[in-house]
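Single-structure report; data block below.
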Amino acid sequence: MKNSSGTITQFAVGLLTLVTAGLFVLAGCSRSSEKVAKPALPQPSTQTASAIYTGSAVCGECHTAESATHSVSHHAKTLQVMDRKSLGELAPPEGAIPGTNYALSTQKGRFRVALANAPERGDTLDLVFGSGKTGMTFVAILGRDSLAELRMSYFPKDHKWYVTPGQEHLTDMKLGKIHKGEFPRRCVFCHAVAVPDNALVSEKKLLGVGCESCHGAGSEHVKAMRTDKTGDLHLERLTRLSPPEKNKLCTRCHTTGQNVSELEMNAAADATRRFPLFGLQKSRCFTANQENLSCLNCHTPHSNANPDPKSYEAACLKCHTSPAPNAATQAFTVGKPCPVNAKTGCINCHMPLGKILPGSKIPTQTRDHFIRVHRDTTHPAKP
Ligand code: HEC
Ligand code: HEC
Ligand code: HEC
Ligand code: HEC
Ligand code: HEC
Ligand code: HEC
Ligand code: HEC
């Protein structure tokens with residue numbers, strides 16, 4: 001990205017001297033380099049990436065409705081340049097990072113992390129992973145296939161720092177962890193439109209989950225639409241995909257059960273909140289309806305998840321109606337009506353809020369996509 005090779009080396013050296021032999025144990029969302037699904041889309045060089053991907057702003061010139069919600073979504077903001085201008089009020093405070101030996105400072109709007117007692121030992125941070133809805137993880141790009149991930153992540157809503165998941169075993173002395181090889185490229189691949197061949201990230205316009213992360217490269221489409229050659233869209237109409245095909249789009253990035261069971265999660269069974277797709281895959285609603293239930297039954301691809309639990313009840317009641325719909329006339333397997341409340345309140349009882357990472361200090365709560373009767377918490381067994 002921006003760094004002169006001098007500062008890259010300085011940061012690399014700074015970290016290398018601080019971090020132990022556990023350095024190359026990989027972390028982040030998915031903790032293994034080998035086991036994340038291989039990227040499904042081609043990974044062009046920087047030049048080709050710019051040529052075939054337009055970035056979401058261009059799409060927005062014509063598709064104003066999709067763009068209005070997408071451009072401000074957590075998808076769009078999940079990877080940003082680490083500077084004051086991009087972060088705005090989500091920016092972390094300058095000064096000592098609690099519980100560590102290092103401090104954050106800014107210079108001309110860019111952030112720098114360094115040892116508090118040796119300010120020359122450190123470097124500029126380049127990128128922010130995470131929209132700020134929950135945790136934001138700051139990284140420095142070290143080269144075309146390596147990045148340094150800070151040991152502490154910032155949670156702007158709480159104005160607090162917590163240990164980055166996967167780095168719990170590093171002591172307070174460590175600045176963070178260096179990821180090398182295929183894995184850092186996967187991090188970017190899941191948080192951006194494309195990963196170029198000869199660099200870890202390309203231009204700003206391709207950071208974040210953009211229109212083309214799901215719809216594919218759009219230059220040809222734009223060219224054709226601008227010259228009114230609408231006969232061939234040069235894009236697939238995703239509305240025509242079957243529910244499993246739609247899920248597959250999301251699976252490019254949202255971790256599947258297979259990924260999770262392969263991860264070194266200390267309690268993989270607890271990961272149903274961390275990884276929604278993994279949770280949903282365990283639900284009987286899904287296992288009985290693999291051909292007909294997709295993420296899009298409950299979510300729209302162009303906006304954030306609706307925080308109102310009531311807004312999801314219609315989706316539940318499509319299957320769990322009382323009296324039960326005529327199974328023979330339904331394209332999907334219908335479920336039974338609820339014996340406790342057949343009309344409302346479904347989400348709070350069957351997708352209750354809970355800590356995203358059980359056993360961690362991170363207080364973030366999310367809904368459990370493993371839809372079931374929660375005898376343990378919301379519905380303790382009757383005496
Ligand atoms: C110059 C205007 C223009 C630009 C820029 C543009 N589109 Fe389109 N797009 C159109 C038109 C016109 C159609 C055809 C609508 C139709 O026939 O249904 C279309 C159709 C589509 C469809 C199919 C819609 C459907 O009904 O299934 C998708 C998806 C799409 N565009 C995505 C994109 C993406 C992604 C970008 C950015 C890479 C983009 N468009 C940029 C004009 C544009
Ligand atoms: C397999 C794709 C994938 C990879 C690889 C990946 N992420 Fe993510 N990341 C996601 C998805 C999807 C989410 C949203 C939560 C979810 O559904 O799992 C997310 C969420 C996040 C968040 C928001 C906070 C949170 O935990 O929800 C941060 C920060 C983050 N990732 C950082 C990273 C970093 C840093 C790396 C590499 C070291 C990385 N991710 C690698 C897909 C990925
Ligand atoms: C997370 C994946 C994802 C992203 C990001 C995304 N789309 Fe879509 N888009 C879809 C899916 C899936 C559908 C089909 C929705 C359906 O069948 O209900 C779709 C449908 C559409 C349609 C057809 C609309 C309709 O309802 O007929 C257009 C046009 C479109 N998208 C444009 C865009 C543009 C422009 C952007 C960026 C501003 C964008 N999309 C971002 C996944 C995505
Ligand atoms: C290119 C990778 C990628 C693809 C493809 C993708 N997602 Fe995501 N998604 C992410 C990441 C990363 C986040 C975390 C955003 C953040 O930092 O808060 C996320 C967050 C979300 C959220 C939470 C939004 C919120 O309100 O916070 C929903 C819902 C979601 N994705 C649904 C989908 C669906 C449905 C699809 C398929 C149509 C899909 N995603 C495809 C990467 C992806
Ligand atoms: C039966 C309904 C349903 C289905 C199907 C569903 N979700 Fe959700 N999802 C929800 C609800 C309810 C929430 C909570 C929204 C909130 O409180 O903000 C949610 C929230 C999310 C979030 C945000 C988590 C957070 O709190 O930060 C992500 C990411 C997500 N869903 C991804 C997915 C993906 C990927 C799929 C497909 C595998 C999917 N969901 C399928 C109901 C559903
Ligand atoms: C596409 C249809 C479909 C949708 C949508 C759906 N379900 Fe289901 N669900 C089923 C089927 C089929 C079963 C298995 C038969 C049964 O127990 O009724 C099931 C089972 C269940 C069970 C019993 C689980 C168990 O392990 O015994 C609960 C609770 C449940 N669903 C709640 C919900 C809630 C709440 C929603 C909305 C957030 C929802 N379902 C959405 C079809 C669906
Ligand atoms: C106050 C909490 C509560 C609310 C609200 C609620 N449920 Fe339930 N639900 C339960 C409990 C408890 C059970 C288990 C009942 C039993 O086994 O005696 C259950 C059972 C179920 C079952 C399994 C039925 C069977 O016979 O296997 C389904 C399906 C279900 N609920 C769906 C829903 C849907 C859909 C909604 C919203 C319209 C909903 N529930 C609202 C608490 C609730």
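Values reported hereafter were calculated over all heavy atoms of this structure, with side chains retained and with hydrogens, waters and symmetry mates removed. Start at 1 and go down the list; that is how both ligands and their atoms are numbered.
Atom 42 (C) of ligand 6 has its nearest heavy-atom neighbour, among Val340, Leu280, Asn289, in Asn289. For atom 41 (C) of ligand 6, the nearest non-hydrogen atom from the set Cys316, Gly345, Cys319 belongs to Cys316.
When each atom of ligand 6 is checked for a heavy atom of Ile347 under 4.0 Å away, the hits are 38 (C). Within the listing of ligand 6, atoms 35 (C) sit less than 4.0 angstrom from a heavy atom of Cys346. Atoms of ligand 4 lying under 4.0 Å from at least one heavy atom of Thr78, given by number and element, are 12 (C), 14 (C), 15 (C), 16 (C), 17 (O). Ligand 4 places these atoms under 4.0 Å from at least one heavy atom of Cys190: 1 (C), 2 (C), 12 (C), 42 (C). Taking every heavy atom of Gly130 and a limit of under 4.0 angstrom, the matching atoms of ligand 4 come to 17 (O). Each of the atoms 25 (C), 26 (O) of ligand 4 lies under 4.0 Å from some heavy atom of Asn304. Residue Ala288 has at least one heavy-atom neighbour below 4.0 Å for each of these atoms of ligand 6: 12 (C). Within ligand 1, the atoms closer than 4.0 Å to a non-hydrogen atom of Cys211 are 35 (C), numbered from 1 in the order shown. If you number the atoms of ligand 1 from 1 as listed, the ones under 4.0 Å from a heavy atom of Arg226 come out as 1 (C). Shown in contact with Lys133 at under 4.0 Å from a heavy atom are these atoms of ligand 4, numbered in order with element: 25 (C), 26 (O), 27 (O). Distances below 4.0 Å separate heavy atoms of Leu249 from the following atoms of ligand 4: 5 (C). Each of the atoms 35 (C) of ligand 4 lies under 4.0 Å from some heavy atom of Cys295. Ligand-side atoms of ligand 1 in range of Thr239: 27 (O), range being under 4.0 angstrom from any heavy atom. For ligand 6, the atoms lying closer than 4.0 Å to a non-hydrogen atom of Ala315 are 5 (C). Within the listing of ligand 6, atoms 16 (C), 18 (O) sit less than 4.0 angstrom from a heavy atom of Lys336. Residue-ligand proximity, His191 to ligand 4, at heavy-atom distances under 4.0 Å covers atoms 12 (C).
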Evaluate side chain to side chain donor-acceptor pair (under 3.5 Å) for Glu245 paired with Ser242, printing each intermediate quantity in order. CA-CA 5 Å; Glu245 287 168 333; Ser242 68; 3.2 Å; yes

Arg367 and Asn348: CA distance, side-chain angles, deciding distance, side-chain contact (heavy atoms from CB on, under 4.5 Å) verdict: CA-CA 9 Å; Arg367 299 237 168 238; Asn348 280 338; 3.0 Å; yes

Evaluate the criterion side-chain contact (heavy atoms from CB on, under 4.5 Å) for residue pair Ile347 and Cys316; output intermediate values, then yes/no. CA-CA 9 Å; Ile347 303 300; Cys316 311; 4.3 Å; yes

For the pair Ile371 and Leu280, evaluate side-chain contact (heavy atoms from CB on, under 4.5 Å) and give the outcome as yes or no after the intermediate values. CA-CA 7 Å; Ile371 304 170; Leu280 190 67; 4.1 Å; yes

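The nearest protein heavy atom to atom 2 (C) of ligand 4 is closer than 4.0 Å. Distance check on atom 30 (C) of ligand 1: some protein heavy atom falls below the 4.0 Å cut-off.
Between His215 and His302, the ring planes lie parallel to each other; the angle is under 30°, not in the 30° to 60° tilted range. Ring pair Phe138/Trp161 is perpendicular by interplanar angle, where above 60° counts as perpendicular and below 30° as parallel.
A cation-pi geometry, defined here as NZ or CZ lying under 6.0 Å from the six-membered ring centre and within 45° of its normal, does not hold between Arg273 and Phe278. In this structure, Arg372 forms a cation-pi arrangement with Phe370, its terminal cationic atom sitting closer than 6.0 Å to the ring centre and no more than 45° off the ring axis.
Around atom 8 (Fe) of ligand 4, protein N, O or S atoms at less than 2.8 Å number 2. The number of protein N/O/S atoms found under 2.8 Å from atom 8 (Fe) of ligand 1 is 2.
Remark: the backbone N or O of Gly181 is not paired with any side-chain donor or acceptor of Ser146 at under 3.5 angstrom. Counting only distance, with no hydrogens or angles, the side chain of Tyr312 and the backbone of Asn306 share a donor-acceptor pair below 3.5 Å.
Ligand 6 lies nowhere less than 4.0 angstrom from a heavy atom belonging to Asn292. Within the structure, ligand 6 has Arg284 among the residues with a heavy atom less than 4.0 angstrom away.
Annotation: side chain of Lys355 is not in contact with side chain of Thr364 (no heavy-atom distance under 4.5 Å). Between Pro337 and His320 the shortest side-chain heavy-atom distance does not fall below 4.5 Å. Counting only heavy atoms from C-beta outward, the side chains of Pro92 and Leu104 approach each other to under 4.5 Å. The side-chain heavy atoms of Cys190 and Arg252, taken from C-beta on, include no pair separated by under 4.5 Å. Between Ser73 and Ser303, every side-chain heavy-atom pair lies at or beyond the 4.5 Å cut-off. A heavy-atom distance below 4.5 Å is found between the side chains of Leu87 and Met136. Within the 4.5 Å cutoff, the side chain of Val139 has heavy atoms near those of the Glu149 side chain. Within the 4.5 Å cutoff, the side chain of Thr251 has heavy atoms near those of the Leu277 side chain.
Thr272 contributes atom OG1, which lies 7.0 Å from atom NZ of Lys282 (distance to the nearest 0.5 angstrom).
Both the backbone and the side chain of Ala305 come within contact range of ligand 4, each with a heavy atom under 4.0 Å. Residue-level proximity to ligand 1 for His215 is carried by the side chain, the only part with a heavy atom below 4.0 angstrom. Contact annotation: for His299 versus ligand 4, heavy atoms closer than 4.0 Å belong to the side chain alone.
Screening residues 227-236 for salt bridge (charged side-chain N to carboxylate O under 4.0 Å, His left out), with sequence neighbours left out, gives no hits. Residue pairs satisfying the salt bridge (charged side-chain N to carboxylate O under 4.0 Å, His left out) criterion with at least one member in residues 83-93, sequence neighbours excluded, are listed as follows: Arg84-Glu94.
Shortest contact from atom 5 (C) of ligand 1 to any protein heavy atom: Val58 O, 3.4 Å. Protein heavy atom closest to atom 26 (O) of ligand 1, with residue, atom name and distance, is Arg237 NH1, 2.9 Å.
Under 4.0 Å is where a charged nitrogen must lie from a carboxylate oxygen, and between Glu220 and Lys223 at least one such pair does. Contact check on Arg110 versus Asp126 returns a salt bridge, with a Lys/Arg side-chain nitrogen under 4.0 Å from an Asp/Glu carboxylate oxygen.
The environment of Lys160 atom NZ is sparse: at most 12 non-hydrogen atoms of other residues, nucleotides or ligands sit within 6.0 angstrom.
Of the angles at atom 8 (Fe) of ligand 6, the one spanning NE2 of His320 and SG of Cys285 is 180° when given to 10°.
The shortest N or O to N or O distance between His74 and ligand 4 is below 3.5 Å. On a distance-only criterion, Ser131 and ligand 4 share at least one N/O pair closer than 3.5 Å.
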